[in-house]
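This report concerns only the one structure given below.
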Amino acid sequence: MKTVTLSTLKARKQASEPFSCLTAYDATFAHAAGEAGIEVLLVGDSLGMVLQGHPSTLPVTLDDICYHTRCVARGKGGSLLMVDLPFMSNATTERLLSDAGALMRAGAELVKVEGEAWMAEGIRELTRRGVPVCAHLGLTPQTVYQLGGYKVQGRDSERAAQILEDARTLVEAGASVILLECVPASLGRAVSEALEVPVIGIGAGPDTDGQILVMHDVLGVTHGRTPRFVKNFLAEADSVEDAFRRYHDDVKARRFPAPEHCF
Ligand code: KIV
């Protein structure tokens with residue numbers, strides 16, 4: 001695959017061509033995802049749940065994320081490498097800059113941070129120093145205890161308007177990408193149409209510019225309750241790489257997410 005950059009994602013948006021994103025935590029799966037054409041890989045703090053067995057992403061440390069980033073960076077081929085800033089990296093601007101620096105040194109090409117409009121200052125400081133940022137809005141798993149669980153966000157018009165406004169504010173502050181998690185499809189479409197930067201969705205409907213899933217969900221190996229927005233692509237595939245390719249192809253053809261995966 002040709003090397004994917006932020007410019008590639010912008011061009012995809014301008015051409016109305018959806019792009020595929022997937023979490024990755026090690027070199028072998030990152031290589032398989034790249035071979036399947038996945039354009040963006042995320043070293044997500046979901047690793048706390050799917051690799052470490054925690055009930056949330058909160059226990060994940062900067063060292064954990066750096067370790068998995070180095071692993072993925074060695075295997076990833078041309079995919080763009082996005083990496084999560086862990087819980088409390090955004091406690092102060094000083095810590096945000098220092099943690100983002102560690103992720104970039106480990107191989108990140110884009111850092112993802114959770115937070116609403118108040119993150120604008122931190123995002124401004126990061127982008128000023130050459131660190132591209134993806135701002136994660138909607139259901140932000142690092143605030144799961146405050147949200148009272150993994151629940152759809154933006155169902156009522158006031159909260160939906162707030163999420164759209166926050167997205168605008170963070171793009172103005174310098175965010176290059178927005179990620180929207182678990183929001184109604186109508187809000188996914190509204191945010192994507194309102195912004196010039198690419199919007200990646202997970203449980204945000206079919207009209208966002210890119211789609212992302214957690215790798216374990218794509219392979220159907222997650223235990224416990226399966227969220228509505230996931231699909232097991234391995235069920236009809238004959239290998240892991242084939243499952244990744246089917247996911248990629250379905251995103252490209254806008255076959256995924258289907259109505260049954262949306263809110
Ligand atoms: O950590 C993660 O895997 C994520 C995705 C759910 C988008 O943030």
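Start at 1 and go down the list; that is how both ligands and their atoms are numbered. Quick note: numbers below take in every heavy atom, side chains included, and nothing from hydrogens, waters or symmetry partners. Being a predicted model, the structure only gives us computed values, none of them experimental.
Using a 3.5 Å distance cut-off with no hydrogens or angles, the side chains of D64 and Q52 do pair a donor with an acceptor.
With hydrogens and angles disregarded, no donor-acceptor distance shorter than 3.5 Å links the side chain of D84 to the backbone of P86. Side-chain atoms of R246 come within 3.5 Å of backbone atoms of E236 as a donor-acceptor pair (strictly under, hydrogens ignored).
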Give every pair formed by an N or O atom of ligand 1 and a protein N or O atom closer than 3.5 Å, one pair per line with both atom names and the distance to 0.1 Å, or write none.
residue	atom	partner	partner atom	Å
ligand 1	1 (O)	D45	N	3.2
ligand 1	1 (O)	D45	OD1	3.1
ligand 1	1 (O)	S46	N	3.0
ligand 1	1 (O)	S46	OG	3.4
ligand 1	1 (O)	D84	OD2	3.1
ligand 1	3 (O)	S46	OG	2.5
ligand 1	8 (O)	K112	NZ	2.8

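Checked against a 6.0 Å centroid threshold, the rings of H248 and F233 do not count as neighbours.
The number of heavy atoms from other shown groups lying within 6.0 Å of CZ (F263) is above 12.
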For residues 162-185, which side-chain N or O atoms pair as donor and acceptor with protein atoms under 3.5 Å away, sequence neighbours left out?
residue	atom	partner	partner atom	Å
Q162	NE2	D166	OD1	2.9
T169	OG1	E165	O	3.0
E181	OE1	H136	NE2	2.9

